[in-house]
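Position 1 is the first residue of the sequence; numbering continues from there.
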Amino acid sequence: RISRSGAGTQLYAGYAGTLSEALSWEAGVIDYRFPRVSSAPDYDYVESFIGLGLDRINFRLYRSNDYYGVGARMTYLEANLSQPLTELLSLSAHVGHQGLRTPASHSSRMDYRLGFGARVFPEAVVEFAVVGTSLRGSACPVSGQGCSRRATLSIAHSF
């Protein structure tokens, strides 16, 4: 049993293969575990996914029957693009759509990300991106301001 205090964890199992030189597929399951707070609901949930990849673009479909432990059925479809511009510069894009359904309601949202990256060392990339969502006002879990479009700066290092 995983400890219920401290950081949340993701347990992942999956399998991937190729259909041709340019076309790949994947399928898997992710088990999300969160620290338990006695006064809060149990947010643990499991989702499955399937995906297809074609050259620089990939698609994934996620599904959960108990999203964040609240009994909602969730479906999330995403498309991702990674395009080198030069040996040192790249462009990335993401768009996703999530649908949530409970016995009493149905809701959906879109999210997006557009990034421009630069390799600064052989294994490190600095990326500037703009991210956003269709969530507004009371639908935003943080605040109405927390869901507005934002710029991010990230540094990634591969090992």
Side-chain angles (χ1 to χ4, degrees), residues 7-34 43 45-65 67-70 72-102 105-159:
T9 59
Q10 295 177 16
L11 304 173
Y12 171 91
Y15 192 79
T18 56
L19 299 171
S20 70
E21 189 173 306
L23 187 63
S24 62
W25 64 272
E26 62 181 335
V29 175
I30 306 169
D31 184 7
Y32 296 90
R33 299 290 167 167
F34 298 94
Y43 292 115
Y45 70 99
V46 175
E47 69 184 11
S48 56
F49 67 88
I50 57 172
L52 281 175
L54 178 63
D55 197 27
R56 297 283 177 188
I57 190 165
N58 68 62
F59 303 90
R60 263 193 183 175
L61 175 66
Y62 298 84
R63 178 86 168 118
S64 176
N65 288 324
Y67 189 61
Y68 276 102
V70 297
R73 291 189 330 224
M74 181 276 301
T75 302
Y76 183 76
L77 178 62
E78 70 176 359
N80 299 286
L81 169 73
S82 174
Q83 180 63 49
L85 301 174
T86 68
E87 192 173 307
L88 299 176
L89 302 175
S90 63
L91 179 70
S92 64
H94 162 88
V95 64
H97 179 270
Q98 180 186 58
L100 288 174
R101 185 177 299 276
T102 67
S105 68
H106 177 264
S107 65
S108 65
R109 71 168 176 90
M110 297 285 296
D111 63 89
Y112 62 89
R113 180 177 188 279
L114 182 61
F116 181 73
R119 184 176 315 278
V120 291
F121 295 106
E123 300 85 18
V125 174
V126 174
E127 184 177 61
F128 171 79
V130 175
V131 297
T133 179
S134 63
L135 290 177
R136 297 288 181 258
S138 63
C140 182
V142 178
S143 71
Q145 299 261 335
C147 285
S148 56
R149 184 174 37 243
R150 301 281 187 203
T152 63
L153 184 63
S154 63
I155 301 172
H157 186 280
S158 57
F159 297 92

With sequence neighbours excluded, tell me which residues meet side-chain contact (heavy atoms from CB on, under 4.5 Å) with S107.
L100
Minimal non-hydrogen separation, A93 against L114, with atom names
CB-CD1, 4.1 Å
In short, salt bridge (Lys or Arg N to Asp or Glu O under 4.0 Å) pairs touching residues 113-122 with sequence neighbours left out are R113-E127
Contacts of type side-chain contact (heavy atoms from CB on, under 4.5 Å), residue T86, not counting sequence neighbours:
L88, L89
Rounded to the nearest 0.5 Å, what's the gap from OG on S92 to CZ on F116? Could you check?
10.5 Å
Under 3.5 Å, side chain of S64 to main-chain N/O of V46, donor-acceptor pair present?
yes
F59: ring pair (Phe, Tyr, Trp, His ring centres under 6.0 Å) partners, not counting sequence neighbours
none
Nearest 0.5 Å, please: how far is OH in Y62 from CD1 in I50?
11.5 Å
Applying ring pair (Phe, Tyr, Trp, His ring centres under 6.0 Å), name anything that partners Y45, two or more places apart in sequence or on another chain.
Y32, Y67, Y68
Could you tell me which residues satisfy salt bridge (Lys or Arg N to Asp or Glu O under 4.0 Å) with D31, sequence neighbours excluded, listed by chain and number?
R33
Checking F121 now: which residues fulfil ring pair (Phe, Tyr, Trp, His ring centres under 6.0 Å) with it, not counting sequence neighbours?
none
For residues 21-30, the salt bridge (Lys or Arg N to Asp or Glu O under 4.0 Å) pairs (sequence neighbours left out) are E26-R60
Inter- and intrachain pairs under salt bridge (Lys or Arg N to Asp or Glu O under 4.0 Å), touching residues 73-93, at least two apart
none
Could you give the distance from NE2 (H97) to OH (Y112), rounded to the nearest 0.5 Å?
15.0 Å
Would you tabulate the side-chain donor-acceptor contacts of residues 152-159 under 3.5 Å, counting partners in other chains and residues two or more places apart, or write 'none'?
from, atom 1, to, atom 2, distance (Å)
S158, OG, E123, O, 3.4

Could you give the distance from CE (M74) to CG (N65), rounded to the nearest 0.5 Å?
9.5 Å
Do S108 side-chain atoms and Q98 backbone N/O form a donor-acceptor pair below 3.5 Å?
no
When rounded to the nearest 0.5 angstrom, what distance separates CG in N80 from CG in N58?
4.5 Å
Straight-line distance of L54 CG to L52 CG, nearest 0.5 Å
9.0 Å
Smallest heavy-atom separation, G117 atom then V125 atom, equals CA-CG1, 4.2 Å
Just to verify, what does S24 make a side-chain hydrogen bond (donor to acceptor under 3.5 Å, both in side chains) with, not counting sequence neighbours?
none
Residues passing the side-chain hydrogen bond (donor to acceptor under 3.5 Å, both in side chains) test with D111, sequence neighbours excluded, are Y76, H94, R109
